[in-house]
Structure formats: C-alpha cells, structure tokens
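Notes to accompany the following structure.
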Amino acid sequence: MGFLGKGLFKGVSFRFTSLTACLFLIFFASTLILPISHNASLSLKPAFATESPAPAGEHAAPVLSKAEGKPEEGKKEGEGKFTYQPAPKIKVEDYPIVKGFNSRIAVWIVAQLHLFFGAFVLAVPIFVLVIEGVGLATKDERYDHMAHEFIKVSMTAFSITASLGGLLSLMLVSFYPDFFKYMAGIFGKTMIIYALLFFGESFCLYVYYYGWDRMNEGFSKWLHLTMGLMLNVFGMTLMVLSNTWVSFMMAPSGIDDAGVFTGDIWAAIRGPLWNPINLHRFIANIAFGGSIVGAYAAFKFLSAKTDEEKAHYDWMGYTANFIAIFGFLPLPFAGYWLMKEVYGYSQQMGITAMGGAFAWLFIIQAVLIGSLFLGANYYLWCGMGRIKGSERYTPAIKYLIVVIVGCFLVWFTPHTLIMTSKEVTQVGGTHHPVLGFLGVMSAKNTAVNILIVSTFLSFMLYRRSNKIATASWTSTGNALQVALFAGGAINIVTLGVYGYFIPANIRIGLSIPQVMTTLTIIIVSSVLDGFMYKGAKSTGPIEWGKMGQRSQYALFLLAVSFTWLMGLMGYVRSALRQHWHVYTVFRDNSLDAYTPTLGYAAGIITIAVYIFIALVIFAFWIANFSAKKHAEASH
C-alpha cells in the first residue's frame, strides 16, 4: 500500500479502507458464491420449513411427507413432521376479476415501473460511494458535491420505488392469490428477510443523505463512507434475494415434479439462472443508472444560467456517460451467459427466444443497442471539441463512423423476412438472397465485438486528446497498440467467417474466443496507455461547459434507449414462461394466459416507458426545487 500512500490516496487511512473494502467484497461474494458452494451437509430444511395448511375445496391434494415422500391422510398439525403442498391446479374462475379492469396489464406496468426505479436506486449509491471516495482521496471537493447531487436525485426515486413495490404486492395478492400463496409457501422466510433488509437500506440511505454535511470531516467522514458502504450491501442483497423469485419462476429448483417443496431453501434459491440473472442485472443497473443521471446532468446543463453551472453539469454529464459506457460494454457478454444457461435449462425456451415467437424483438433490441453505441460515441466525439489538441485525432472519427454504422447494420439485419406469399415467390424464399447470411449469429457476434472495440477506441482517443506522451518508447507503444487493434479485429472477423463452415453446435463456441479477443484488446491497450502517458505533457485544460447543445440530446437518447431496452428484454425474459406461472410446474389458466402479439407487447412497454420518464422528470423537478430553496436560504 506504500506506493498508493504517495500518490492518489495520500493521507487516507488504509487500515480503514482495507476493512471497508473487504467487508463489501465478502458480503457481495457471499451472495453469489455461497449458494454454489453449498453441500448436502449444510441443511437448512428445518429452519425454513413451513407447516402445510389444511386442504380445502377443489385445491385440496394429498399432502406429501418430506421425510417419506408418501401421501398422508388426515395428518394433524404439531406431530413433528414438516409437509408442503404441491403446486395448485386452478381454473379460470379462481382468478379474481374486476369488471373493466385488466389485471395482467396493470401488474405488468406496475412491475416494470418498480423494476425501472429499483434498478436506478440500487445503481446510484454504488457509483456515488466510489465518487465520494475519490473526492476524499484527492481532496477535491468537486467530487463530493457531484456525489451529493447524484444521491439527491435518487431520494425521490427511492420513495417512488417503495410505493410501487407496495402496490405491486397488493395487486399480486388481489389478482393472483393462489400464485402468491404458493410462492410465499416456499420463499416466505426470504420475503420477511427482504422486508427487514428494506428497512435497513432505508435507514442507511436517509442517514447517508441527510448526514452528508454534518459528517464531512475527520472520522465522521469515514463513518459516512461506511454508511454508504452498508447502504450498498443492503441494496445488493435485496437485488440478489428478489432475483431468486424471478429465476425460480423461469427455472424452478428445490421442488419435485408435482411442485412440492423439498424443504431445502438453498436448493430453491440457487437455480441454474440465479447467478446469470444476478450478474446481468448488476451490470445493467450500473449502465441504466449512469444513463438516467446523465439525462439529469443534460437537463441541468441546458437550463444553466451561468458558465460555472454549465461547466459543473458538463463535467457531471461526462462522468455519467463514462459510468453508462463502463457498464454497457460488458453487458452483452453477461447477456450471452444468461441465454446460454437458458438454453442449457430448456432448449424450448432458448429456441422460443432467439428463433421463435420473440425473434423479431431481438431485431428491435439490436436497433436500440445500435442507438446506444451511436449516442455514446457521438457524445465522446462532441466532447473532443472542448479539448485543446484533439485536432490530431478528429480525422479518425470518420473511419470510426463507417465501422460503427456498418456493424450496426449487420447487427439488426434479420435472418428471415416478413413477406407475403407473392414476395416469397419473387425473392425465392424467406431469406434475402444477398443479405440473408448476415442474419445468423456468426455475423452478429462479430459485429457486436467490433462495436465494443470501436467504442473503446473512441474513448481512448478522447482520453489522449489533451496529452502528449513523453515516454522514450512512445513510438513502440503506439505501434504495439495499432498491431493489437488490427490483429484483434482480424481475429474476430476470421472467427466469424469460419463459423459459416462448421456445424451450429460448434459455431456457438466461437463466441468465447471472440469475447476473449475483445477483452484482451481492452485490457492490454489500457495498460500500455497507462504506462505510456504517465507524466505526459498537457496541451491545456479541458474547457468544461464548452459543449454544443446537441451533445446533451445524446444523453437523453441514452436514457430513453436504455429504459426501452430494459423493458423490452424484461418482457422477453418473463414471457419465455408462456402459459406458466412457474415453468412446467404451475400453469397459468387465467383469461390472459396467452402470448400477446409483438405490437401489443411493444405498446405496453412504451406506455411503461412514458410513465417512467414522466416520473423521472418529476423527480428531477423535486431535486431542482429543493436546490433552489437551499440556494435562497443560503443567500
């Protein structure tokens, strides 16, 4: 730690830093690793078992003994054995119906809004803690002010999240009582833990926010950082705990074929999709949260009255965009892992997602992802205009545009086309004779990896704009980076082309070396750049606030595209269960137990996005209103 004490973290207590960092890592790792490493000798059955209710009405079924696995007739409570009910077989009349009210749409929209806001309020404290720590380490109060403003935006969102969560619970109990009862019979204890964790998170959040000014120096600042750390621990645990219910509905575990709970709560939690969903949501939340606070910064930049305000919110927008890109770049890899596990659990679900009823939604996904890449790169290119010395790299932008747009076009080219019978006859089939070969995964995996590499190159050029390397081996380092990017791109494209000449079951494995090539380019190039530009000469300071207004609309584009993308892919993941509450175990026999058309689903998602954007604007207004009151009081 000595070398850090002399540099970035000079004056920081490393004993305390190490302790807090270790606590965070232990808590986070335990939520992901402990269920995997669980073995049969660690049995929690007695602790999480619940006594089965007495059979009643048409839902009654023979109660199975956990110990013997045989039907027991007339078993009385309190005889020392724990028993569980099988999944109920309910009929359409068992679902409560309110005339003129569609329960499916209502639950869909409320659940989606709760997930939007939940993702936002879980992500913001993560990078707020990091930014506050950087401010403490560098003694730069600007970081502290920015972190405080970020967390201020999330306060109203936290209240909305809690309200939507309560409303969602009420709607599930009201409209799907048998489903909720079955889930509570298995995960009841985890739901109680969830509620306790929520109160812990609320306590930490309010102390963290309202104690910001009072806990700003000396030991109290470290206490404040620790409170922020515990806020993130509570939030992260809430996320992975709620993910158990979602993954269980898609890939149930810890139950028998009849849906009878075995009594092993860890078996029910650690389903095959739990960790992929945990990782995917964690990364997506960071990217999503960065995009939303980026939109807030853009809003404040456009309404700023002074140059100082413009400079502050320009810097805040850049930081938010960096956070969004940082989370967005690895997100496709986490998505590949999730879909791989979906295929591994059920080929039918995998085929339905990528090659069946939802295949065209992935074309919409490709358009949205392309918009995100274009928006993020456009913002970086605009940002180079406020940096002296960036003229050296601006000629490269036109080539990056060609590559990014080309990959974007490949990414959303469909494999089959929607055509009339006459058009099919004229074309000679459902595949386009020229562009059809771009619709397979070999082309799409290649395109997305090149997109990621190109976006990283844009960011690297941006970072270099106001620096001149002084290392003696600069020419060699630049040559190595050129060779790295060129060789990596050739390898990615070669693997993509090779995929056309091998069977599909082997072709899918080529995505791994492509991903590893992309990661190698990013990591090795970052290390080379770090050493090469250490102690570099500056061509001048960044002129914060000198951004064109068009660049701020790119931040709005990122926020809306991320929101729409989350809603779209959330629907795909949930709809893969089709007519099942719990896949292959608990059938959905309600009036709405059908897969809606793609246009209908897209319409509902769009309504949810509109409502979310309206509520976010309200949260922005509240944050801005409180800031004005604070400024007036100070004056």
Side-chain angles (χ1 to χ4, degrees), residues 23-24 27-28 30-32 34-35 44-53 82 84-85 106-107 110-126 154-210 227-249 254 261 263-271 274 277-278 281-282 285 581-582:
L23 279 173
F24 180 76
F27 272 95
F28 180 57
S30 65
T31 58
L32 297 178
L34 183 59
L44 299 179
K45 295 179 183 179
F48 287 94
T50 55
E51 292 181 329
S52 61
F82 299 99
Y84 302 93
Q85 291 278 13
V107 171
V110 172
Q112 188 60 69
L113 289 172
H114 179 60
L115 287 173
F116 282 151
F117 279 102
F120 178 59
V121 300
L122 286 176
V124 171
I126 295 173
S154 71
M155 292 300 294
T156 305
F158 185 81
S159 301
I160 295 174
T161 306
S163 302
L164 289 169
L167 180 60
L168 177 61
S169 300
L170 178 63
M171 295 176 76
L172 289 173
V173 172
S174 301
F175 297 121
Y176 299 93
D178 293 284
F179 163 70
F180 191 85
K181 182 179 177 181
Y182 177 71
M183 293 292 289
I186 297 174
F187 295 104
K189 298 292 176 62
T190 66
M191 293 177 180
I192 295 173
I193 295 172
Y194 184 91
L196 295 175
L197 289 170
F198 175 76
F199 284 114
E201 183 189 30
S202 301
F203 173 79
C204 290
L205 177 64
Y206 288 118
V207 172
Y208 187 62
Y209 175 67
Y210 290 107
M227 194 60 65
L229 174 66
M230 294 310 300
L231 168 62
N232 281 286
V233 169
F234 279 119
M236 195 70 64
T237 310
L238 281 169
M239 184 195 74
V240 298
L241 196 61
S242 60
N243 286 345
T244 63
W245 312 328
V246 174
S247 61
F248 177 84
M249 292 167 64
F261 181 41
D264 186 351
I265 189 64
W266 280 123
I269 288 175
R270 54 173 186 167
W274 186 48
I277 288 177
N278 284 338
R281 278 193 168 172
F282 173 70
N285 287 354
H581 288 308
V582 179

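Sequence positions, counted from 1, serve as the residue numbers for this chain. Keep in mind that what you see is a predicted model, and the values were worked out from it rather than measured.
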Under the side chain to side chain contact (heavy atoms under 4.5 Å, CB included) criterion, do Y194 and L197 qualify, and how do the steps go? CA-CA 5 Å; Y194 184 91; L197 289 170; 5.6 Å; no
Minimum heavy-atom distance between G254 and F261, given as atom pair plus value: O-CD1, 3.3 Å
Minimal non-hydrogen separation, V107 against M171, with atom names: N-CE, 3.7 Å
Going by heavy atoms in the side chains, are M227 and Y209 under 4.5 Å from each other? no
Looking at side-chain heavy atoms only, is the closest gap between Y182 and V582 below 4.5 Å? yes
Roughly how far, to the nearest 0.5 Å, is [atom2] of [Y] from [atom1] of [X]?
{"X": "E201", "Y": "M230", "atom1": "CD", "atom2": "CE", "value": "11.5 Å"}
{"X": "L168", "Y": "S163", "atom1": "CG", "atom2": "OG", "value": "12.5 Å"}
{"X": "I160", "Y": "S154", "atom1": "CD1", "atom2": "OG", "value": "11.0 Å"}
{"X": "F234", "Y": "L122", "atom1": "CZ", "atom2": "CG", "value": "13.5 Å"}
{"X": "M191", "Y": "M183", "atom1": "CE", "atom2": "CE", "value": "5.5 Å"}
{"X": "Y208", "Y": "F203", "atom1": "OH", "atom2": "CZ", "value": "15.0 Å"}

The ring-ring contact (aromatic ring centres under 6.0 Å, His included) partners of F198 (sequence neighbours excluded) come to F158
Checking the side chain of N232 only, and the main-chain atoms of P125 only, is there a donor and an acceptor separated by less than 3.5 Å? yes
Residue pairs passing the side chain to side chain donor-acceptor pair (under 3.5 Å) test with at least one member in residues 166-176, sequence neighbours excluded, are none
Return the set of residues passing side chain to side chain contact (heavy atoms under 4.5 Å, CB included) with T161 (not counting sequence neighbours), or none when no residue passes. H114, F117, V121
Side chain to side chain contact (heavy atoms under 4.5 Å, CB included) between Q85 and K181, intermediate numbers included: CA-CA 11 Å; Q85 291 278 13; K181 182 179 177 181; over 6 Å; no
Tell me which donor-acceptor pairs under 3.5 Å the side chains of residues 241-248 have, and how far apart each pair is, sequence neighbours excluded?
{"unit_1": "S242", "atom_1": "OG", "unit_2": "L238", "atom_2": "O", "d": "3.1"}
{"unit_1": "S242", "atom_1": "OG", "unit_2": "M239", "atom_2": "O", "d": "2.9"}
{"unit_1": "N243", "atom_1": "OD1", "unit_2": "R281", "atom_2": "NH1", "d": "2.6"}
{"unit_1": "N243", "atom_1": "ND2", "unit_2": "M239", "atom_2": "O", "d": "3.3"}
{"unit_1": "N243", "atom_1": "ND2", "unit_2": "N278", "atom_2": "OD1", "d": "2.7"}
{"unit_1": "T244", "atom_1": "OG1", "unit_2": "L241", "atom_2": "O", "d": "2.4"}
{"unit_1": "W245", "atom_1": "NE1", "unit_2": "T190", "atom_2": "OG1", "d": "3.2"}
{"unit_1": "S247", "atom_1": "OG", "unit_2": "N243", "atom_2": "O", "d": "3.0"}
{"unit_1": "S247", "atom_1": "OG", "unit_2": "T244", "atom_2": "O", "d": "3.2"}

Verdict with supporting geometry, M236 and I126, side chain to side chain contact (heavy atoms under 4.5 Å, CB included): CA-CA 9 Å; M236 195 70 64; I126 295 173; 3.9 Å; yes
